[in-house]
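The block underneath contains the structure these notes are about, expressed in structure tokens.
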Amino acid sequence: MAEPAWKADIRVQLRERNERSKHITAILRTHTKMQEENLQLKRQRDELRGNVKILTEEKAALTARVQSGPSFAGQHIDGKAKEEIARLEKKITELNEELVSLHRNKSNQAQEQLVTLQLLKQKETDNQMLKSELMRMKSECERLTTERDDALKDLENSAVQLQTLDDEHRGLQLEYNEAETKLKALKADYEQLLDRWMKLREQEAERTNMRNATIQREKSSQLAQDMLEAAMSHDIPMDIIKLPAKSHVPTILVQTVADAHAGDTYDVSSSSVSGRFATCGSDKRVKIWNAQGGVEYTLTGHNNGVTCVDLDSTDDHVVSGSADKAMYIWSLHSGRSQFKLTGHNDKIHACKFSLDGFKIYSSSQDRTIKMWDVKRGYFEVTFNCHSTALDLVGCSEIFSFVSAHFDKTIRGWDVRAPSRKPSVEIRTEHSAPPTHIACDPVDKDKVLTASKDHTLKLIDFRTQEVVRTFSDKDFKVGPFGCRPAFSPDGSHVAVGSDSGSVFIWSVTTGALEKVLKSDKPENIASCAWNRSAEQLICVGGKRILCFK
């Protein structure tokens with residue numbers, strides 16, 4: 001077990017105290033030695049003083065003898081006596097000098113002793129401080145020891161509590177495992193029940209859709225019969241009666257216009273009241289065609305390829321959008337431009353009339369959708385999108401228009417809402433962005449999306465779910481997709497492929513009913529079903545194909 005930190009700290013402080021004590025011991029030894037030397041010097045001084053005293057007395061005696069002795073009276077002192085006197089005087093002188101030296105040494109020793117005493121006093125003060133610090137550290141050590149003992153007691157209590165909690169945790173873990181096993185079994189049962197319920201719901205929805213489609217077709221047929229009988233009973237000319245069209249699947253290619261545009265043809269829109277249809281292309285032109293394939297108007301004004309075109313429901317106007325960021329509203333009575341609509345900051349992807357024909361909705365690469373007033377040619381509202389709207393259609397009875405976006409969603413918009421945000425957003429389940437969108441002409445709450453993943457999906461806005469997917473192993477769209485088209489009675493959908501073929505599926509069953517072959521394997525970009533002329537119009541490359 002490792003030594004506690006407080007013990008190591010005390011051990012270090014004691015070692016430092018011992019190091020500091022060495023200096024005091026050395027000073028004490030020096031002081032003792034100096035005292036011994038001082039005593040020795042005092043003894044030597046006393047001896048010298050005695051010798052000086054003896055010599056002085058001998059000198060005085062000799063001097064007295066010389067001066068007063070009868071043998072020396074009136075005579076000179078002999079040479080031997082003089083030498084003795086000189087020797088004694090010299091010795092006295094040496095003794096005096098040695099005595100002076102001893103006094104000097106004693107003074108120095110006294111000075112050193114004073115300094116030593118001062119150092120000793122300082123060391124004693126430091127020693128007292130160290131003793132105080134040692135006492136403080138002992139107190140701190142006792143306090144830490146007490147805290148350690150308390151901590152050990154707390155640790156023992158915590159260990160007991162931890163063991164108790166561990167036992168409880170093990171018990172809870174066993175209960176959790178049992179509960180999780182039961183939950184997995186319940187989830188499996190729930191998923192089975194949910195799958196069964198979803199299948200039953202899909203079957204019920206399919207039966208409901210089939211009943212609704214049958215009822216709608218019967219109503220349309222009955223309405224056509226009633227209108228026909230009313231017209232015959234009142235001698236009304238048949239050419240002015242707008243009967244609900246009953247679609248027939250086209251079977252043959254009746255007409256091909258080889259050089260409809262000087263470049264690629266991008267889009268086609270068909271009239272709902274006549275045999276007219278409009279096309280646009282990379283040659284910057286919009287062309288209006290009659291039912292026989294003749295050109296009525298060639299409309300020019302765009303500065304770049306025209307990407308989209310749409311005819312209104314009254315056959316009075318056509319709108320076109322271009323990569324030059326502008327749109328034009330054209331009159332079908334004069335073939336002239338009525339308004340130029342500017343406001344987008346990038347190329348136009350789609351432009352469509354509203355159901356009543358009074359508004360135009362447009363989407364652009366600048367991630368905005370704008371609403372325009374047809375009569376005034378005036379911009380009204382901007383809807384900001386975080387994902388580019390590649391196409392839109394103004395047909396839903398729930399929303400003002402529906403848009404298809406690059407993030408694989410469709411959004412329903414209500415222009416009356418003050419938030420300027422989509423009212424609903426639905427995932428299309430496409431694996432690639434939906435490039436085009438179309439609306440069911442009968443059930444206007446259903447839309448059809450076409451994607452570059454080579455599938456079409458029918459989506460119901462009421463349930464916000466994909467109700468049917470149309471696909472085929474031979475169906476492949478071109479690099480920019482293809483605009484699909486509903487038949488006038490909503491019973492079929494048609495879309496072109498990159499091989500030049502047109503695929504037609506049944507909306508009710510989802511089965512592929514017909515594949516129309518063209519005389520040239522060229523990509524088809526857009527399809528439109530003409531209600532009046534009962535023909536399917538497809539464009540691609542420089543050509544127009546009419547199937548009937």
Side-chain angles (χ1 to χ4, degrees), residues 1-67 80-152:
M1 183 175 177
E3 185 181 31
W6 60 271
K7 282 189 176 182
D9 187 33
I10 291 175
R11 193 185 302 280
V12 171
Q13 293 184 14
L14 292 174
R15 190 179 295 113
E16 292 177 353
R17 185 202 64 182
N18 293 335
E19 290 294 330
R20 290 192 295 269
S21 303
K22 290 180 180 179
H23 301 291
I24 298 174
T25 304
I27 292 172
L28 292 174
R29 290 175 180 173
T30 304
H31 178 67
T32 303
K33 184 178 180 182
M34 290 175 66
Q35 285 181 340
E36 292 176 354
E37 291 177 353
N38 190 20
L39 292 174
Q40 186 177 1
L41 290 173
K42 283 182 178 180
R43 286 194 296 269
Q44 292 178 359
R45 182 193 64 183
D46 294 338
E47 292 176 358
L48 290 173
R49 282 180 179 176
N51 294 331
V52 170
K53 184 177 180 180
I54 292 170
L55 292 173
T56 303
E57 290 175 354
E58 290 178 357
K59 179 182 176 183
L62 288 174
T63 304
R65 287 172 60 190
V66 172
Q67 292 178 357
K80 186 176 181 179
K82 289 181 178 179
E83 290 178 0
E84 182 67 18
I85 291 171
R87 182 185 67 79
L88 290 174
E89 288 179 351
K90 182 179 180 182
K91 189 172 183 179
I92 290 171
T93 302
E94 290 176 355
L95 290 174
N96 285 329
E97 290 177 357
E98 188 174 355
L99 183 61
V100 170
S101 176
L102 288 173
H103 281 294
R104 188 181 296 111
N105 290 336
K106 182 179 179 182
S107 176
N108 293 334
Q109 291 290 336
Q111 184 68 28
E112 290 179 1
Q113 187 176 7
L114 181 61
V115 173
T116 303
L117 289 173
Q118 290 178 352
L119 291 174
L120 180 61
K121 187 176 181 180
Q122 181 65 33
K123 294 299 181 180
E124 288 178 351
T125 303
D126 294 342
N127 192 21
Q128 188 65 31
M129 291 177 63
L130 289 174
K131 286 181 179 179
S132 300
E133 181 68 17
L134 182 60
M135 293 298 294
R136 186 190 67 79
M137 292 179 65
K138 285 182 179 180
S139 300
E140 182 70 14
C141 181
E142 292 176 357
R143 186 184 66 80
L144 292 174
T145 303
T146 304
E147 291 183 357
R148 181 202 63 183
D149 295 338
D150 295 338
L152 288 174

> Quick one: which of Leu144, Thr146, Leu152 gives a side-chain contact (heavy atoms from CB on, under 4.5 Å) with Arg148?
Replying inline: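 That would be Leu152; it is the only one of Leu144, Thr146, Leu152 passing the side-chain contact (heavy atoms from CB on, under 4.5 Å) with Arg148.
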
> Applying side-chain hydrogen bond (donor to acceptor under 3.5 Å, both in side chains), which residue pairs with at least one partner in residues 132-143 are found, sequence neighbours left out?
Replying inline: Glu133-Arg136, Glu140-Arg143, Arg143-Glu147

> According to the side-chain hydrogen bond (donor to acceptor under 3.5 Å, both in side chains) rule, which pairs have a member within residues 92-103, sequence neighbours left out?
Replying inline: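 Found none.
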
> What residues, two or more places apart in sequence or in another chain, satisfy side-chain hydrogen bond (donor to acceptor under 3.5 Å, both in side chains) together with Gln122?
Replying inline: Asp126

> With sequence neighbours excluded, what pairs up with Arg43 under the side-chain hydrogen bond (donor to acceptor under 3.5 Å, both in side chains) test?
Replying inline: none

>> Run the salt bridge (Lys or Arg N to Asp or Glu O under 4.0 Å) test against Arg104 and tell me which residues pass, sequence neighbours left out.
In response: none

> Distance from Glu112 atom CD to Leu119 atom CG, nearest 0.5 Å?
Replying inline: 11.5 Å

